[in-house]
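Presented below is the structure to which this report refers.
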Amino acid sequence: MILKIYLFRHGLTHYNKHQWFTGWIDSRMTKEGIKNAQKIARKLKGKKFQVAYQTRLARSRNTLKEVLKSHPECQEVITDDRMIERNYGKLQKRSHKEFMEEIESTLVNVMEKKYGKMKRTVKAKFGERMAKSVYDIYHRSYDIPPPGGESIKMVEKRVNSFIKDLLKKMKKEKVNVAISAHGNSMRPFRKYFEKLSKEEMMKLENPWDDYFEYTIKI
């Protein structure tokens, strides 16, 4: 017997649009985000699933709401926060640009205080490169969490726990499922089902308006 998983990301939110660290902040979708959700719904219209999963965040719930309009066969909606977005801790509600500018200023000040003034061109290049390095560590590192937040490794642990229980339910009840997830929680999903390496997973960019389909054989 063949069962299906339909995995998708929520539509674009206001925080996403303005490039702010969102995490567990309940940012609502933009008009474009609603169109993203409607596009996913159209693509999934011909599919069948009996169970759907969402997180407590409005962007996950509202995206699934659009999808479910064409799926009266879905009789069970489950909220499970093991697949919620990555917690960005103290970086939440802050813009990416603001964070990088703060890091750049801080590092340049420390270096100049200890080693003396830099030339303007050197200062600009040094500050920009160092700020990007720190940003990349918090934004893209697998095992280093932002202050008060989660690393992708931590997200993967809870998502794998969810996947384990999901597969048990699917095999026991013989159901197809739809999952309204988040950008960072989708990384471990895709790593697991697409058999990706850690490095490949970290390079993934998940679309706002499309879905991934996985086959489970029982």
Side-chain angles (χ1 to χ4, degrees), residues 1-13 16 22 29 33 35-57 59-87 140 142 150-218:
M1 185 175 185
I2 300 296
L3 300 175
K4 295 289 187 176
I5 295 174
Y6 304 107
L7 173 70
F8 49 90
R9 183 183 188 178
H10 60 79
L12 184 77
T13 70
N16 298 143
T22 314
M29 290 191 293
K35 289 180 180 178
N36 295 152
Q38 291 169 341
K39 187 173 181 180
I40 294 170
R42 288 195 298 272
K43 290 182 177 182
L44 286 172
K45 192 172 183 179
K47 308 295 183 179
K48 298 293 181 183
F49 53 86
Q50 295 72 42
V51 180
Y53 287 87
Q54 62 186 8
T55 71
R56 70 173 185 265
L57 297 177
R59 55 191 185 271
S60 169
R61 292 186 287 105
N62 290 338
T63 299
L64 181 59
K65 184 178 179 180
E66 291 294 333
V67 170
L68 290 178
K69 289 178 180 179
S70 301
H71 294 276
E73 79 281 3
C74 181
Q75 297 298 308
E76 185 177 17
V77 176
I78 301 171
T79 299
D80 194 319
D81 283 342
R82 285 179 293 176
M83 56 163 192
I84 204 168
E85 179 57 277
R86 176 187 182 190
N87 182 355
R140 289 297 190 193
Y142 174 71
E150 293 179 298
S151 64
I152 295 296
K153 183 178 181 179
M154 294 162 71
V155 175
E156 183 176 26
K157 183 178 180 179
R158 57 177 167 80
V159 169
N160 283 346
S161 170
F162 171 80
I163 292 172
K164 182 179 179 180
D165 290 344
L166 171 70
L167 294 177
K168 284 181 181 178
K169 181 178 177 69
M170 290 179 68
K171 291 174 182 179
K172 180 181 179 180
E173 300 179 14
K174 297 179 175 55
V175 291
N176 296 332
V177 303
I179 301 173
S180 182
H182 300 264
N184 279 305
S185 65
M186 283 180 67
R187 294 176 190 276
F189 270 111
R190 293 185 60 190
K191 180 187 176 189
Y192 182 93
F193 289 109
E194 297 173 29
K195 296 178 170 52
L196 304 177
S197 68
K198 180 175 68 178
E199 291 72 25
E200 288 172 326
M201 174 184 70
M202 294 308 296
K203 292 178 182 178
L204 293 174
E205 295 294 342
N206 293 304
W208 308 106
D209 59 358
D210 208 348
Y211 72 94
F212 298 87
E213 181 175 329
Y214 302 108
T215 299
I216 308 299
K217 295 180 181 180
I218 63 169

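Ile40 and Asp210 make their closest contact through CG1-N, 3.7 Å (heavy atoms, listed as atom of the first residue, atom of the second, distance). When all heavy atoms of Met83 and Ser180 are compared, the pair lying nearest together is CE-O, 3.9 Å. Considering all non-hydrogen atoms of both residues, Met29 and Ala37 come closest at CE-CB, 4.4 Å. When all heavy atoms of Ser185 and Val155 are compared, the closest pair comes out as CA-CG1, 4.1 Å. Between Lys48 and Tyr6 the shortest heavy-atom distance is O-CE1, 3.8 Å. The two residues Val175 and Gln50 come nearest to each other via the heavy atoms CA-OE1, 3.5 Å.
Checked by atom type, the side-chain pair Arg59/Thr13 shows no donor-acceptor distance below 3.5 Å.
Atom NZ of Lys65 sits in a sparse spot, with 12 or fewer heavy atoms from other residues, nucleotides or ligands closer than 6.0 Å. For Lys169, the NZ atom counts as densely surrounded, since its 6.0 Å shell holds more than 12 non-hydrogen atoms of other residues, nucleotides or ligands.
Aromatic ring centroids of Phe162 and Tyr53 lie under 6.0 Å apart.
Atom-to-atom distance recorded for Asp81:CG and Arg158:CZ is 8.0 Å, nearest 0.5 angstrom. A distance of 10.0 Å separates NZ of Lys171 from CG of Leu166, quoted to the nearest 0.5 Å. We find the OG1-CD distance between Thr63 and Gln38 to be 10.0 Å, quoted to the nearest 0.5 Å. In this structure, CG in Leu3 is found 11.0 Å from CD in Glu173, a value given to the nearest 0.5 Å. Rounding to the nearest 0.5 Å gives a distance of 6.0 Å between CE of Met170 and CG of Asn176. For the atom pair CE (Met186) and OH (Tyr211), the distance works out to 12.5 Å, reported to the nearest 0.5 Å.
When each of Arg187, Glu156, Lys198, Glu199 is paired with Tyr142, the side-chain hydrogen bond (donor to acceptor under 3.5 Å, both in side chains) condition holds for Glu156 and for no other. Among the candidates Val67, Val177, Ile5, the single residue satisfying the side chain to side chain contact (heavy atoms under 4.5 Å, CB included) test with Phe49 is Val67.
Using a 4.0 Å cut-off between charged side-chain N and carboxylate O, Arg140 and Glu205 make a salt bridge. A salt bridge links Glu213 with Lys4: the distance from a Lys NZ or Arg NE/NH1/NH2 to an Asp or Glu carboxylate oxygen falls below 4.0 Å.
At least one donor-acceptor pair under 3.5 Å links the side chain of His71 to the backbone N or O of Lys47. Side chain of Glu150 to backbone of Asn87: a donor-acceptor contact under 3.5 angstrom is found. Although no hydrogens or angles enter the test, the distance criterion places no donor-acceptor pair under 3.5 Å between the side chain of Arg86 and the main chain of Asn184.
Proximity of His182 to Leu57: side-chain heavy atoms (C-beta onward) are separated by under 4.5 Å at one or more points. Two residues are said to be in side-chain contact when any heavy atoms from C-beta on lie closer than 4.5 Å; Met154 and Ser151 meet this criterion.
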Next item on the list: Given side chain to side chain contact (heavy atoms under 4.5 Å, CB included), test Val159 with Tyr192 step by step and report yes or no.
Entry: CA-CA 10 Å; Val159 169; Tyr192 182 93; over 6 Å; no
Next item on the list: Go through Glu85 and Thr55 one step at a time and tell me if the side chain to side chain contact (heavy atoms under 4.5 Å, CB included) criterion holds.
Entry: CA-CA 9 Å; Glu85 179 57 277; Thr55 71; over 6 Å; no
Next item on the list: Would you check, one step at a time, whether the test side chain to side chain contact (heavy atoms under 4.5 Å, CB included) holds for Lys43 with Phe8?
Entry: CA-CA 11 Å; Lys43 290 182 177 182; Phe8 49 90; over 6 Å; no
Next item on the list: With side chain to side chain contact (heavy atoms under 4.5 Å, CB included) as the test, would you mind laying out the steps for Arg190 and Tyr214 before giving the verdict?
Entry: CA-CA 9 Å; Arg190 293 185 60 190; Tyr214 302 108; 3.3 Å; yes
